[in-house]
Protein chains: 2
Amino acid sequence: MEKKIFNKFLKERGQRVTKERAVILQKTFSYHGHFDPESLYLRIRETGLKASRASVYRTLNLLCECGLIERVTKTERGTLYEHTFGHGHHDHMLCIGCGSIIEFYSEDLERLQDNLCRKQDFKGVTHTLEIRGYCKRCQKNKK
Amino acid sequence: MEKKIFNKFLKERGQRVTKERAVILQKTFSYHGHFDPESLYLRIRETGLKASRASVYRTLNLLCECGLIERVTKTERGTLYEHTFGHGHHDHMLCIGCGSIIEFYSEDLERLQDNLCRKQDFKGVTHTLEIRGYCKRCQKNKK
DNA sequence: TTGAAATTGAGAATCAATCTCAAATATGGA
DNA sequence: TCCATATTTGAGATTGATTCTCAATTTCAA
């Protein structure tokens with residue numbers, strides 16, 4: 001399914017469907033949560049498949065452009081991605097204590113974005129809301 | 001005022017108040033909007049004052065820790081900062097077309113954050129909402 | 001004033017991400 | 001199926017932001 005979308009996207013832009021791109025797409029969707037380019041690259045090599053780091057980075061950019069994946073955040077240790085297809089848009093709470101991530105979706109937030117944009121004559125495409133704080137467990141451990 | 005806060009913060013951690021830190025703090029607050037470390041460094045040199053790049057980076061980290069400034073976003077071209085003191089919390093809309101930034105504040109959003117956190121037993125401290133899309137001018141130019 | 005401990009700065013090091021370009025490959029047409 | 005050609009790949013170089021190193025300098029409590 002995602003393969004169809006990606007290939008169609010490539011065709012439309014006169015770009016080619018290559019083995020490497022197929023491999024990278026497949027492994028990208030083998031993640032259930034977040035991932036970074038380097039670990040994706042290693043996961044590909046582990047399974048005996050081949051694709052260079054350069055191709056991984058290039059293909060991740062393509063996948064972002066066609067909306068199959070999203071950049072979650074840029075940390076000091078590089079960019080985190082996740083696939084959005086069959087996953088749905090959502091936002092994140094990030095625990096300062098232990099680094100754990102909670103995903104959530106809020107219809108109210110989506111509506112609010114629309115209202116905010118209208119006020120500023122801005123045409124919103126996507127948003128990222130990141131709430132930083134302390135998860136349940138870390139709140140307890142503090143005491 | 002911000003100088004007092006910063007010096008107090010340093011004292012409490014057994015760190016020292018130095019000329020360089022004072023210069024960097026002062027120039028940081030000479031910006032009214034966003035800035036990046038490199039241009040801050042250049043602004044310091046332009047005015048004949050002295051502080052190395054290393055010290056600029058080190059001091060920006062300290063200023064973040066004590067809450068006087070905030071990292072706005074990490075772009076492909078480095079980190080953007082802004083000072084928050086006497087400025088108030090707000091969020092951003094980022095134009096994909098021209099890179100311009102619109103600041104906004106929404107009471108509704110603050111309330112929404114509280115609700116969202118309560119549902120997840122999460123103790124929110126701060127949040128960042130970044131809406132990406134097209135500003136008024138870029139919407140027109142597209143046609 | 002003094003000396004231990006913190007800080008500075010020039011340049012090296014790191015690290016993610018992009019670029020280079022020759023060799024390999026995909027694709028539409030014959 | 002085979003060809004011609006434009007696209008893509010990959011190894012390694014490069015870039016660019018940020019951090020690190022460490023000798024020399026500076027702060028500050030006593």
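Letters A, B, ... mirror the listed sequences (proteins, then strands); counts begin at 1.
- Comparing atom distances between the A:Ala54 side chain and each of C:dC19, C:dA17, C:dA5 picks out C:dC19 as nearest.
- When rounded to the nearest whole Å, the span between CG of A:Leu40 and C1' of C:dA17 equals 15 Å.
- Remark: aromatic rings of A:His32 and A:His83 are distant, center separation not under 6.0 Å.
- Note on ring orientation: taking the six-membered ring where Trp is involved, the planes of A:His127 and A:His89 are perpendicular (angle over 60°, cut-offs 30° and 60°).
- Not one side-chain nitrogen or oxygen of B:Asn61 sits closer than 4.0 Å to the OP1 or OP2 atom of D:dT18.
- Taking atom CZ on A:Arg13 and atom P on D:dT7, their separation rounds to 13 Å, with Å as the unit.
- Here A:Ser55 reaches the OP1 or OP2 of D:dG10: one of its side-chain N or O atoms lies under 4.0 Å away.
- Out of D:dG10, D:dT18, C:dG9, the shortest distance to the side chain of B:Pro37 is found at D:dT18.
- For the OP1/OP2 pair of C:dA16 and a distance below 4.0 Å, the side-chain nitrogens and oxygens of A:Thr79 include no atom meeting the criterion.
- Whole-Å rounding puts the B:Tyr41 OH to D:dG16 P distance at 17 Å.
- Taking atom NZ of residue A:Lys11 and atom C1' of nucleotide D:dT8, one finds them 15 Å apart after rounding to whole Å.
- Separating the CZ atom of B:Arg58 from the P atom of C:dT7 is a distance of 9 Å, rounded to the nearest angstrom.
- Counting distance only, with no hydrogens placed and no angle test, the side-chain atoms of A:Arg16 and the base atoms of D:dA6 include a donor-acceptor pair under 3.5 Å.
- The nucleotide whose nearest atom lies closest to any side-chain atom of A:Thr18 is, among C:dC19, C:dA26, C:dT18, C:dA26.
- Mapping A:Lys50 and A:Glu38 onto DNA chain C via the closest heavy atom, the residue that lands nearer the 5' end is A:Glu38.
- At a cut-off of 3.5 angstrom, counting only N and O atoms as typed in the model, there is no donor on one side facing an acceptor on the other between the side-chain of A:Arg53 and the base of D:dG12.
- Between B:Arg21 and D:dT27 there is no side-chain polar atom (N or O) within less than 4.0 angstrom of OP1 or OP2.
- Side-chain N/O atoms of B:His34 and B:Glu82 include a donor and acceptor closer than 3.5 Å.
- Nearest-nucleotide mapping onto DNA chain D: of B:Glu20 and B:Lys74, the residue sitting toward the 5' end is B:Lys74.
- The separation between A:Leu62 atom CG and D:dT7 atom C1' is 12 Å, rounded to whole Å.
- Protein atom CD of B:Glu76 is 23 Å distant from nucleotide atom P of D:dT14, rounded to whole Å.
- Between A:Glu70 and A:His90, the side chains place no donor N or O within less than 3.5 Å of an acceptor N or O (distance only, hydrogens not considered).
- Using a 4.0 Å heavy-atom criterion, one finds that B:Gln15 contacts the sugar-phosphate atoms exclusively.
- Remark on DNA chain D: of its neighbouring residues B:Tyr57 and B:Lys19, the 5'-side contact belongs to B:Tyr57, judged by nearest-heavy-atom nucleotide.
- Distance, A:Leu49 CG to D:dG10 C1': 16 Å, rounded to whole Å.
- Across all their heavy atoms, B:Asp91 and B:Leu129 have their closest contact at OD1-N, 2.8 Å.
- Ring geometry for B:Phe35 against B:Tyr31 counts as parallel: the plane angle stays under 30°, on a 0 to 90° scale with 60° as the upper cut.
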